[in-house]
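Single-structure report; data block below.
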Amino acid sequence: MFKNYFKTAWRSLWANKFYSLLNVSGLAVGLAAGILLLIWVQHEFGYDKFHSRSQNIYRINVEIPSADKPLFWSATPGSLAVIAKKIPEVQSLVRISGAGQVLSDESNKKILTGNVLACVDSNFFSVFDFGILKGNLQTVLPGVQSIALTRSTAQKLFGTEDALGKTVRHHETDFTVSAILKDVPENSTLRFDALFPMALYAQNFTRNGGNGSWKTIDEDMGNYSFESYVLLHPNAHIPHVEQAFTGLYQQARNDDNKSKFHLQRLQDLHLVGNDGSTAALLIVQVIFAVALLLLVIASINYVNLSTARALTRVKEVSVRKIVGAGRIQLFFQFVTETILLFCLALMLAAGLIVLLMPLYNTIAGKELVFHPGDDGIWKAVGLAGLITLVLSSIYPALLLSSFKPVRSLKGALPSGIGIAALRKGLVVFQFFVSIVLLIGTVAMGRQMQYIKDKNLGFDKSYVFTADFPTNDAKHLDAIKTELGKEPAILSVGNSSEPDIMNVTSGSGDLEWKGKTPDMQLMISEVATEKNFLPTLKLPFVEGGDFSGTPADSNKYIVNETAVKQMGLKPPYVGQPLTSHGRQGLITGVLKDFNFQPLTKAIGPILFHTFWKGNIFYIRTTGNGAQAAIQAVEREYKKYADGLPFHYEFLDKKFDAQYRAEQRTGMLFNVFAGIAIFISCLGLFGLATYTAQRKVKEIGIRKVLGASVPGIVGLISTGFLKLILVAVVLAMPVAYIGTHRWLQNFAYHASLPWFLFALAAVFVLLIAFATMCLQAVRAAMANPVNALRSE
């Protein structure tokens, strides 16, 4: 029986090649697009789940009370490791701290830059499941001079040689490779290329004098520079643990600190911000919805095209019924036909996915794979197939099997109100989705352009940075002097901050006149020297730059937000300020500028000079850029001991910050275009259906003198009304959705009403052009052929 079903189905599909091709093409495009998006969504939701205890691992975030609204940081004091031992629910606490970017082999012949290096506590591998290829799992980092390399890093340094036991150089210090680690999975929030023991960081911290009266990292209560992760017992009560960390920390600081600690699940880190913001999660949810909608649209498309074909199958179905075929048999016959067509579409979709995957990965910025052995792939394919098959087989099978033989042989089709209303509803839904997606792409594109053009409050054009070795601190003034002699260099400043547009270091150790016990301020801080702020063309509202003399050690420069949140009254210059126990005076107030991503409002920032910064910021000109770079490189080579020279322009760094949003916007553009294409394909099928049903009416009208535009209007007016309904329904949904997304940015573009109108007009024109293809053909046909059958 099933063999006959498939044989009959194949003959039917082969006999109607044009419609079969349209159906297969529409389904294949919808399936390919839907599966590609589902793979992307699955990848995003899969972050950090490879850790066997990821459900019980949390990062500690800190909430700092502020005058406007609380500030949230993901960096915490190192002393939380001691506090955690007093909390029964905590099994283990791991601290992670950045340790630079440069590694080399012992001879400095092979030098790697741009690495992610970190110091970790000794229990790092008992909490996280990062695999070890070589070495002792119990003592991965046995001593202060040991280092663990990932396989890729080891291969870059030592090629095919066994790296275990070899010497690696970092900051002019030799380390012994004690373990080779598996490369960090792509879907890991924690990234690193090599690991040092936390004991190394602790040793250097104490050797450098600690932080004021705190001489060890276990004592330090004021330096928020560690990412801290806790492994909790399975039944731990999260609010209780948060309260315990907060209470014990405040108690250790004699209740003069109002910081509150919160736990954020490891699995949520990739998509949820430390302040609970869900902008990234919302994007993934929207993409997931788009994937499902594309599958639904493709299914609707098939339903509409099958309906259009119904006219040609009336006699076939009637004859089958007259010779004894039951409705159930006909139903399964048509379902079989759908399954066969679906399988053809699925194979074509698989070919499209394999073909397009490299381009897709380029757009998405991922390394996604379509591999038959991946369970996740089959989940995505299964979900896509189930949705498409169910939606695209039930309705056409029921419709085609419901024909009444006598009426059907006379050429009459089922024309109940329910079927007509359903068909119209499907058209409205298709274009409703297409219009919402189109407006979404417009909103994303406008926001990305707004960010690109946003005035950050300083001039980032023609400024590049160069990271000099840290042991060159005693030569910084000499380097600046030499660079100042180069005509192509307009200005030079140095700082501790590698990216002034994404300042991450901060402190809560700030005292000022008038501060009350309930006031606390978490302030970003940057160590710098004279001429750094003028190099960026940062304007002062009061006071001025550092003087370049020893007197700078007791001077502070802050921004407008800082003095506002401290509650200071003008004039600000000359007012006392204490940071990290160092008493000083405010000598300058900068106009507010954006020193963090534009998803965040401008916060308080403090500039001081009591640390040395080895990051040079060089302002040049468009014509002199190459000469300036060469001059900096010459100076760099005098002190770098063979280390490679690297520079980066601020405007390129700025673009890189928002590349993920740009890629998401590109994905929206592509898949919104696919949704419109599939919708128009369905509309073309319905126009075909309408033209065929009205073929005699069109013939009579033409004989009576009807014009081509009149006949085109006869066919297309009804559909245009449906699309107008879709426009009316889509506008408020698109408005609410886009405005909700934009609220995730502290600074966002406006969406004037005419952008919505343009999107609607664009879809109407595309739809009208699609219908015209069939309508004009029907209007130009010879009426004699249409009336000959009467």
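As the structure is a computational prediction, the values presented were derived from the model and not from experiment. All heavy atoms count here, side chains included; hydrogens, waters and symmetry mates do not.
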Chi angles and distances behind the salt bridge (Lys or Arg N to Asp or Glu O under 4.0 Å) call for Asp193, Lys156: CA-CA 11 Å; Asp193 298 298; Lys156 290 175 185 174; 5.7 Å; no
If you measure from CZ on Phe607 to OG on Ser579, what distance do you get to the nearest 0.5 Å? 13.0 Å
Decide if atom NZ of Lys182 counts as having more than 12 heavy atoms of other residues, nucleotides or ligands within a radius under 6.0 Å. no
Can you find a pair of side-chain heavy atoms, one from Arg207 and one from Gln203, that are under 4.5 Å apart? yes
Counting C-beta onward and ignoring hydrogens, is there a side-chain heavy-atom pair between Phe649 and Ser461 closer than 4.5 Å? no
Quick one: do Lys166 and Asp105 make a salt bridge, cutoff under 4.0 Å? no
For Ile180 and Ala154 the tightest heavy-atom approach is CD1-CB, 4.0 Å
Is there a donor-acceptor contact under 3.5 Å from the side chain of Asn494 to the main chain of Asn614? no
Kindly write out the residues that satisfy ring pair (Phe, Tyr, Trp, His ring centres under 6.0 Å) with Phe125, not counting sequence neighbours, or none if the list is empty. none
Side-chain donor-acceptor pair present, Glu227, Tyr229, cut-off under 3.5 Å: yes
By salt bridge (Lys or Arg N to Asp or Glu O under 4.0 Å) - contacts of Asp174 (at least two apart): Arg169
Which value, rounded to the nearest 0.5 Å, describes the distance between Ile605 atom CD1 and Ile557 atom CD1? 11.0 Å
CE-CD distance between Met444 and Gln449, expressed to the nearest 0.5 angstrom: 15.5 Å
Taking all atoms of both residues into account, what is the closest heavy-atom pair of Leu157 and Val168, and its distance? CD1-CG2, 4.1 Å
Can a side-chain donor-acceptor contact be found between Thr150 and Ser152 if the only test is distance below 3.5 angstrom? no
Rounded to the nearest 0.5 Å, what separates atom CD1 in Ile629 from atom OG1 in Thr620? 7.5 Å
Partners passing salt bridge (Lys or Arg N to Asp or Glu O under 4.0 Å) against Glu525 (at least two apart in sequence or in another chain): none
Find out whether Phe72 and Asn61 are in side-chain contact, i.e. whether some heavy atom of one side chain is under 4.5 Å from a heavy atom of the other. no
Aromatic ring proximity Phe464/Tyr617, centre distance under 6.0 Å: no
Tyr450 atom OH, over 12 foreign heavy atoms within 6.0 Å: yes
Using modelled atom types only, decide if a donor and an acceptor are shared between the side chain of Glu486 and the backbone of Ala628 within a distance under 3.5 Å. no
Go through the steps for Leu456 and Lys454 under the test side chain to side chain contact (heavy atoms under 4.5 Å, CB included), then give the verdict. CA-CA 6 Å; Leu456 299 182; Lys454 176 81 171 66; 4.2 Å; yes
Taking every non-hydrogen atom, the tightest pair across Ala631 and Ile489: CB-CD1, 4.3 Å
What pair of heavy atoms forms the shortest contact from Thr76 to Ile60, and how long is it? CG2-O, 3.4 Å
Side-chain contact, heavy-atom cut-off 4.5 Å: Val558 with Leu577? yes
Lys/Arg N to Asp/Glu carboxylate O, Glu633 vs Lys637, below 4.0 Å: yes
Are any non-hydrogen side-chain atoms of Val589 and Asn559 less than 4.5 angstrom apart? no
Start with the C-alpha gap between Leu742 and Gln447, add the side-chain angles, then the distance that decides, and say whether side chain to side chain contact (heavy atoms under 4.5 Å, CB included) holds. CA-CA 8 Å; Leu742 288 173; Gln447 176 63 15; 3.4 Å; yes
Show the atom names and distances, to 0.1 Å, of all donor-acceptor pairs under 3.5 Å that link a side chain in residues 530-541 to residues at least two apart or in another chain.
from	atom 1	to	atom 2	distance (Å)
Asn531	ND2	Ser491	OG	3.4
Asn531	ND2	Val492	O	3.0
Thr535	OG1	Ser491	OG	2.7
Thr535	OG1	Asn531	O	2.6

May I have the step-by-step check of side chain to side chain contact (heavy atoms under 4.5 Å, CB included) for Tyr462 and Leu650, ending in yes or no? CA-CA 8 Å; Tyr462 304 120; Leu650 289 189; over 6 Å; no
Side chains of Asn187 and Asp48: do they bring a donor and an acceptor to under 3.5 Å? no
Start with the C-alpha gap between Tyr47 and Leu269, add the side-chain angles, then the distance that decides, and say whether side chain to side chain contact (heavy atoms under 4.5 Å, CB included) holds. CA-CA 8 Å; Tyr47 266 73; Leu269 295 187; over 6 Å; no
For the pair Phe196 and Tyr201, evaluate ring pair (Phe, Tyr, Trp, His ring centres under 6.0 Å) and give the outcome as yes or no after the intermediate values. CA-CA 8 Å; Phe196 298 98; Tyr201 183 100; over 10 Å; no
Given 3.5 Å as the limit, does a donor-acceptor pair link the side chain of Arg582 with the main chain of Ser553, or not? no
Report the residues that fulfil ring pair (Phe, Tyr, Trp, His ring centres under 6.0 Å) with Tyr556, sequence neighbours left out, ordered by chain and then residue number. none
Can you tell me if Arg95 uses its side chain to pair, donor with acceptor, with the backbone of Pro77 under 3.5 Å? no
Sequence neighbours left out, what passes salt bridge (Lys or Arg N to Asp or Glu O under 4.0 Å) with Lys652? Give chain and number order. none
As an exercise, state the distance from CZ of Phe593 to CG of Asn455, rounded to the nearest 0.5 Å. 12.5 Å
For residues Tyr647 and Tyr636, establish whether the separation of their ring centroids is below 6.0 Å. no
Asn274 side chain near Arg59 side chain, heavy-atom distance below 4.5 Å: yes
Is a side-chain donor-acceptor pair under 3.5 Å present for Ser146 with Thr176? no
Indicate yes or no: at least one non-hydrogen side-chain atom of Ile287 is less than 4.5 angstrom from one of Trp40. yes
Between Asp651 and Lys460, is the salt bridge (Lys or Arg N to Asp or Glu O under 4.0 Å) condition met? List the steps. CA-CA 6 Å; Asp651 48 4; Lys460 64 179 184 298; over 6 Å; no
Rounded distance (nearest 0.5 Å) linking atom CD1 of Ile615 with atom CG of Asp467: 3.5 Å
Are any of the side-chain heavy atoms of Leu266 and Phe128 separated by less than 4.5 Å? yes
Are the charged groups of Asp459 and Arg619 less than 4.0 angstrom apart, N to O? yes
